Number of protein chains: 2
Amino acid sequence: MNLKELSTILGLSQTTVSRALNGYPEVNEATRQRVLVAATQHNYRPNTRAKGLATGRALAIGHVIPMATKHEMVNPIFADFIAGAGETYARNGYDMVISVVDDGDEAQVYRNLKARGTIDGVILHGPRMNDPRIPLLDEIGLPYGVHGRASGINTPYCWLDVNNRSAFRRATDFLLDLGHRRIALVNGLEFMDFAHRRRGGYEDALRARGVPIDTALMRSDEMTEVFGYRSAVEMMARPEPPTAYLVASMICALGVRRAIEEAGHVLGRDISVVTHDDMLSYLQNGGDVPIFTATRSSVREAGRLLAELLLDRISDTTAPPGHILLEAELMVGRSTGPLATPALPNSAKD
Amino acid sequence: MNLKELSTILGLSQTTVSRALNGYPEVNEATRQRVLVAATQHNYRPNTRAKGLATGRALAIGHVIPMATKHEMVNPIFADFIAGAGETYARNGYDMVISVVDDGDEAQVYRNLKARGTIDGVILHGPRMNDPRIPLLDEIGLPYGVHGRASGINTPYCWLDVNNRSAFRRATDFLLDLGHRRIALVNGLEFMDFAHRRRGGYEDALRARGVPIDTALMRSDEMTEVFGYRSAVEMMARPEPPTAYLVASMICALGVRRAIEEAGHVLGRDISVVTHDDMLSYLQNGGDVPIFTATRSSVREAGRLLAELLLDRISDTTAPPGHILLEAELMVGRSTGPLATPALPNSAKD
DNA sequence: AATCATCTTCAAAGCGCTTTGGATGACCGA
DNA sequence: TCGGTCATCCAAAGCGCTTTGAAGATGATT
């Protein structure tokens, strides 16, 4: 069923039917009702492509997700972010177009999407420091919203970020307050902006207390379970092993926990762990009491909000680009405790 | 830059330029080269919507991913599957359109996508037994490929599945061979087809050895870490706890492991665990030696292959729908071992 | 009764592409 | 010389929608 057929059935012109459906005022209210009824009755939906051609808008947003070529690694937070953004798009009648791209080929993909008119705007995932994609998108003239920020880029752009610096500073402070001094940082790849900022927060906190920053207690890589495990194993083998770990993601923290328990330690008693929890739907941090003490911020909510920001930007190009800085909350769970006094065996206790 | 502009620059008609670019024979080879050069030079890309309008094809595939409304739960294998399918689409010039939908609203979404002509076909995720979406898609006339199968539906359709039944039968056999008799099944939701089949394989194996099937050793729910943990905790508290666990996913197995280690047992010595490993990029099963003994099958590869199957189906509607049954391999890791001979008190037993 | 403003409605022109159904020569054999 | 066959190229129609510019109908105004 297309417009032409529908209008023939109704004995009206395409113009009138189109206007009736799109809520234009210059159509008799009775006629509009008649049209509306007929449209639902015949299950009419305007053809996306035709509508797009006529209006010049695609009513679609692209997500270009970079894939680490080396490990064919897709960021696990992606699914939940998409789910959140998808809600916003659905509410606003937009489609979501996804391209999974080897990092490096991205520029071509953006140009393509723009030139072919597939989308009206794009979400940029996984920004790096001085990320070249941002000036690129400005140059191309494709509206965008960044999930995160890019240190070093000072032109205004639309973004949503978690305050990673303050989150990790607070987490570090929390561990310092518990008496820990040898605090390890198991971080994401530090050319990624978020990881860079987290490290900044960690160092700020240490510096503020005069605790020396020891690069031997810092690791940085893709945030897999195995990476968490290996990092903890290595650092536990040191003459002066860390008494606490600050970890960049839940998955990574699971690896750290494995190492800790495999070594016969009790999490939260012998060794403390704080992680960042993106609140992924399939990786909830325990039940009532969180397993891990964690800085927490919903990546799904981030998806919802950033999508809104971008749609706003598209509908009003003149307004300055919006941005949102989310504060993560620190949830105290069972994975942290005061620095274990290496005094007599714990027989006295318990 | 559009066709009209490009053809003006070249001093040719739109027809000729179009044909040159699309590889039609009736254009002089010299002219074609001239066109090709000009096209790349001016960064020309045909407008997707216009092309779609003219050809009647969208050059896009939809993925409708159902979301458990209750828990806002998105299946974690989704990201990797998408990455695989995305590769195939990119290679074939297709876009990927994703809709995240509350389960229940799906029918409307499919009708919409079809009526609006947004896509040429769709991938159906998470099929259930007698899944009503399959007859629905047949009725609508929207080509589709199913990731999995739907028991109870006997009309031919295009699918790709892992042989879940044989995989879980083999895994169970493996545990039986090691001497285990009380083998727990920590399964996914059993109205999902894959979980149903896995349970079938598990029961087949037990039955074949005359081992009684004990529903007290079976759990079924969404495959989260917490679910794995709780299931194991509960079952370990039984008077005759399982000596081995067959678990439906890595994430779930992480929870089972947590419960086991928290109870002071050693994984692979005191208690065995076999899981299914979808080879998710961010959840690799250990390094050289897998942590978990697992039935293994790459969900990313599944994405690649199913996408190909669907594109084939779309390009040749007359051919019978293709399907692929992947066999999972059983990787022996460190989480399994022979039945521990009960040393002290339990020695009288059995 | 003629004029005008106000509602409604419509025909037709695009949006950028593919594709049908010719043109236009060049070349060839008769 | 002429019709016929190819090889190239083109004008124009059409895909399904929005939107511009106008026209008819109605009622109010003079």
Side-chain angles (χ1 to χ4, degrees), chain A residues 1-36 38-39 42-60 93-95 112-120 315, chain B residues 1-36 38-39 42-60 93-95 112-120 315:
Chain A
M1 175 62 53
N2 59 24
L3 226 210
K4 194 170 177 182
E5 292 166 22
L6 185 63
S7 55
T8 313
I9 291 177
L10 283 161
L12 289 168
S13 73
Q14 297 190 35
T15 310
T16 306
V17 175
S18 171
R19 301 202 124 133
L21 292 172
N22 290 311
Y24 282 74
E26 59 271 77
V27 42
N28 187 305
E29 201 49 38
T31 320
R32 185 194 305 282
Q33 288 311 321
R34 210 159 60 85
V35 171
L36 253 28
H42 294 86
N43 201 36
Y44 169 77
R45 306 278 202 314
N47 179 293
T48 311
R49 295 188 297 275
K51 188 162 187 160
L53 237 204
T55 58
R57 307 193 309 134
L59 285 181
Y94 273 72
D95 287 322
N112 240 316
L113 289 169
K114 168 69 176 185
R116 296 185 356 206
T118 319
I119 55 172
D120 296 323
S315 69
Chain B
M1 173 64 53
N2 59 24
L3 228 209
K4 193 169 175 182
E5 291 167 23
L6 185 62
S7 55
T8 313
I9 290 178
L10 283 160
L12 290 168
S13 73
Q14 298 189 36
T15 310
T16 304
V17 176
S18 172
R19 300 202 125 133
L21 292 173
N22 290 310
Y24 283 75
E26 60 270 75
V27 42
N28 186 306
E29 201 47 40
T31 320
R32 186 195 304 283
Q33 288 311 322
R34 209 159 60 85
V35 171
L36 253 28
H42 294 86
N43 202 35
Y44 169 78
R45 307 282 202 313
N47 180 293
T48 311
R49 293 187 299 274
K51 187 163 189 162
L53 236 204
T55 57
R57 306 193 312 133
L59 286 182
Y94 274 71
D95 287 322
N112 241 314
L113 289 170
K114 168 70 176 182
R116 294 182 3 208
T118 317
I119 55 173
D120 296 322
S315 67

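Since we're looking at a predicted model, the values are computed, not measured. A note on names: the letters A, B, ... follow the listed sequences, proteins ahead of strands, and every chain is numbered from 1.
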Taking only residues two or more places apart in sequence, or in another chain, which ones meet B:S13 in a side-chain contact (heavy atoms from CB on, under 4.5 Å)?
-> B:T15, B:T16
Exam field: side chain A:N47 to backbone B:G117, donor-acceptor pair closer than 3.5 Å | no
Nucleic acid contacts - residues 10-18 of chain B versus DNA chain D, non-hydrogen atoms under 4.0 Å | B:G11, B:L12, B:S13, B:T15, B:T16
Hey, does B:R49 reach any base, or is it just sugar-phosphate, or nothing, if we go heavy atoms under 4.0 Å?
-> nothing
In the 5' to 3' direction, the nucleotides of DNA chain D bounding the stretch that comes under 4.0 Å of a heavy atom in chain B are D:dT8 to D:dG16
Heavy atoms only: give me the nearest A:A39-A:L21 pair and the separation to one decimal.
-> CB-CD2, 3.9 Å
End axis versus end axis in the helix from C:dA1-D:dT30 to C:dA30-D:dT1, the angle rounded to 10°, five pairs used at each terminus | 70°
Return a table of donor-acceptor pairs under 3.5 angstrom between the side chains of residues 23-30 of chain B and protein atoms on other chains or two or more places apart.
unit_1: B:N28; atom_1: OD1; unit_2: B:A30; atom_2: N; d: 2.7
unit_1: B:E29; atom_1: OE1; unit_2: B:R32; atom_2: NE; d: 3.4
unit_1: B:E29; atom_1: OE2; unit_2: B:Q33; atom_2: NE2; d: 3.4

To the nearest 0.5 Å, tell me how far B:T48 OG1 sits from B:L59 CG.
-> 8.0 Å
Contacts of A:A38 meeting side-chain contact (heavy atoms from CB on, under 4.5 Å) (sequence neighbours excluded), chain-then-number -> A:L6, A:L10, A:H42
Who are the salt bridge (Lys or Arg N to Asp or Glu O under 4.0 Å) partners of A:D95, not counting sequence neighbours?
-> B:R116
Residue set satisfying side chain to side chain donor-acceptor pair (under 3.5 Å) with A:T31, at least two apart, ordered chain then number -> none
How would you list all residue pairs meeting salt bridge (Lys or Arg N to Asp or Glu O under 4.0 Å) that involve residues 4-13 of chain A, not counting sequence neighbours?
-> none
Using side-chain contact (heavy atoms from CB on, under 4.5 Å) as the criterion, list what pairs up with A:A115, not counting sequence neighbours.
-> B:R45
Give me the residues of residues 24-35 of chain A where at least one heavy atom lies under 4.0 Å from an atom of DNA chain D, by number, or none.
-> A:Y24
How would you list, by chain and number, every residue that makes a side chain to side chain donor-acceptor pair (under 3.5 Å) with A:T55, sequence neighbours excluded?
-> none
Heavy-atom check, side chain of A:R49 versus side chain of B:T118, under 4.5 Å | no
